[in-house]
There are 2 protein chains.
Amino acid sequence: MDRLNLLSFTPFRLNRLAAEFSTALTADYARFGIDIPEWRVLATLGMHDGPRSANYVVRCTRTHKSRISRAVGQLTELGLVERQESDDDRREIMLQLTPRGREVYRELVPLLLAREEQLLSGLSAAQRRALDDALLTLEQSLGLMNCQP
Amino acid sequence: MDRLNLLSFTPFRLNRLAAEFSTALTADYARFGIDIPEWRVLATLGMHDGPRSANYVVRCTRTHKSRISRAVGQLTELGLVERQESDDDRREIMLQLTPRGREVYRELVPLLLAREEQLLSGLSAAQRRALDDALLTLEQSLGLMNCQP
DNA sequence: CCTTGACGGTTGCACTCGCAACTGGTTAGG
DNA sequence: CCTAACCAGTTGCGAGTGCAACCGTCAAGG
């Protein structure tokens with residue numbers, strides 16, 4: 001076989017599905033004036049209680065540090081995130097949600113989970129488990145799952 | 001549960017995996033001086049023998065027409081694709097691979113299939129079937145599978 | 001100490017992309 | 001016919017992104 005069916009080519013399929021999911025979620029972000037990179041910062045900080053360094057967000061989300069830096073700038077401008085330099089390493093910038101940021105997070109999470117549910121609604125429970133399993137295996141084999149502080 | 005674990009949030013996971021796959025493939029494209037959108041055009045034209053309209057590529061790949069237009073421009077400049085206006089509808093631009101384009105396609109396909117295989121190598125046969133099944137169901141439920149001429 | 005290399009974060013720059021406006025061509029309806 | 005709405009494809013423009021260079025800080029070794 002010297003031809004390639006684009007529609008069954010996994011990289012293309014993942015790309016297209018990811019794009020579809022992203023644009024669906026954008027509707028929810030937009031309500032709060034933020035976009036994908038800002039959401040990633042918000043989500044990472046929202047997962048924990050204490051502050052986390054910008055670099056931690058970079059490692060967790062596997063997003064380029066310049067993108068994170070600009071997203072953080074945007075979020076502080078919106079008053080959702082606070083920067084404060086670390087005591088033990090003055091290079092690090094520690095980030096944490098402001099009360100308003102925590103509030104936005106709490107409002108946003110159910111919206112996004114509902115959106116995810118809607119997007120996955122075509123899948124049976126078994127299919128979801130199988131998808132989750134396959135994605136996890138891929139993530140591990142590609143080394144995407146290390147997120148230690 | 002009022003928190004969201006980003007690492008198990010499907011849109012994020014798809015996005016990250018897709019990005020990982022894309023950058024892996026870029027190494028192969030780059031050898032021929034092309035990038036993702038150019039590859040999509042090449043792949044779509046390569047799947048068939050006769051010429052196809054630019055709009056057909058747009059519908060098949062679900063890529064914005066401006067992106068396709070510029071990709072086609074790039075490919076014609078590289079001598080891999082020929083444009084010719086259609087006889088029965090002079091708005092349409094019919095596209096087809098040049099001999100050189102077909103040659104590049106034939107060289108590129110095995111490289112990309114090998115790369116896909118490498119990326120999926122962590123999955124068992126059953127996992128691959130399950131992944132394929134889940135992706136297909138998602139594609140159908142999102143209406144991504146219509147590609148008629 | 002001082003130097004050297006590494007690291008966290010920011011920013012200038014070039015590039016790509018999506019949107020919307022536009023061109024030229026087609027179709028339908030009065 | 002003629003006009004109006006629509007369609008295929010192109011392009012100008014603004015927004016966002018990745019890269020690389022940069023700044024200030026830290027840690028290791030002489």
Side-chain angles (χ1 to χ4, degrees), chain A residues 15-16 18-20 22-27 29-30 33-41 44-45 51-78 81-96 147-149, chain B residues 15-16 18-20 22-27 29-30 33-41 44-45 51-77 81-96 148-149:
Chain A
N15 226 298
R16 208 175 35 151
E20 211 71 26
S22 287
T23 59
L25 294 194
T26 298
Y29 304 142
I34 67 176
D35 206 344
I36 294 177
E38 287 81 18
W39 155 247
R40 291 189 179 177
V41 174
T44 308
L45 297 179
R52 287 291 185 279
S53 77
N55 196 34
Y56 174 77
V57 179
V58 165
R59 269 177 291 127
C60 266
T61 63
R62 292 214 137 215
T63 306
H64 197 277
K65 58 182 183 172
S66 64
R67 218 169 146 193
I68 294 298
S69 173
R70 288 187 253 250
V72 169
Q74 174 76 11
L75 286 171
T76 56
E77 212 164 297
L78 289 172
V81 164
E82 252 180 5
R83 298 189 225 222
Q84 50 197 8
E85 43 182 48
S86 165
D87 292 331
D88 38 292
D89 187 338
R90 301 223 319 278
R91 292 171 301 180
E92 282 189 339
I93 307 281
M94 300 304 279
L95 305 171
Q96 69 179 345
C147 185
Q148 63 277 28
Chain B
N15 227 299
R16 209 174 36 150
E20 212 72 25
S22 287
T23 58
L25 294 193
T26 298
Y29 303 143
I34 67 177
D35 206 344
I36 295 177
E38 287 79 19
W39 155 248
R40 291 189 179 176
V41 174
T44 308
L45 297 179
R52 288 290 185 281
S53 76
N55 195 34
Y56 174 77
V57 179
V58 166
R59 270 176 289 126
C60 266
T61 63
R62 291 213 138 218
T63 306
H64 196 277
K65 58 182 183 171
S66 64
R67 218 169 147 193
I68 295 298
S69 173
R70 291 188 249 249
V72 169
Q74 175 76 10
L75 287 171
T76 56
E77 213 164 295
V81 163
E82 254 179 3
R83 298 190 223 221
Q84 49 196 7
E85 44 182 48
S86 165
D87 291 332
D88 37 290
D89 187 339
R90 300 221 322 275
R91 291 173 300 181
E92 282 189 339
I93 307 280
M94 299 305 279
L95 305 171
Q96 68 179 347
Q148 62 276 26

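Order of the sequence lines fixes the chain letters, A, B, ..., with proteins taken first and strands second; residue numbering starts at 1 for each chain.
- Of the N and O atoms on the side chains of B:Thr26 and B:Asp35, not one donor lies less than 3.5 Å from an acceptor on the other residue.
- Atoms CZ (A:Arg40) and C1' (D:dG16) sit 14 Å apart, rounded to a whole Å.
- Straight-line distance from the CD atom of B:Gln74 to the P atom of D:dG9: 19 Å, rounded to whole Å.
- B:Ser69 places no side-chain N or O within 3.5 Å of a backbone atom of B:Lys65 that could act as its donor or acceptor partner.
- Note: CZ (B:Arg62) to P (C:dC17) measures 18 Å, nearest angstrom.
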query = Can you give one letter per nucleotide of nucleotides 1-13 of chain C, going 5' to 3': B for a protein heavy atom under 4.0 Å from the base, S for sugar-phosphate only, - for none?
reply = ------BSBBBB-
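- When rounded to the nearest whole Å, the span between CD of B:Glu85 and C1' of D:dC7 equals 16 Å.
- When each of A:Pro37 and A:Asp87 is assigned the nucleotide of DNA chain D bearing its nearest heavy atom, the one mapping closer to the 5' terminus is A:Pro37.
- What you find for B:Thr23 and B:Glu20 is that their closest heavy atoms are OG1-O, 3.0 Å.
- Nearest heavy-atom pair, A:Thr63 versus A:Arg40, reported as atom, atom and distance to 0.1 Å: OG1-NH1, 3.0 Å.
- The CD1 atom of A:Ile34 sits 19 Å away from the P atom of D:dA15 (whole-angstrom rounding).
- For the pair A:Arg59 and A:Tyr56, the cation-pi test (distance below 6.0 Å, angle within 45°) is failed.
- Smallest separation of non-hydrogen atoms from A:Thr61 and B:Arg16: O-CD, 4.0 Å.
- Distance, A:Asp35 CG to D:dG14 P: 19 Å, rounded to whole Å.
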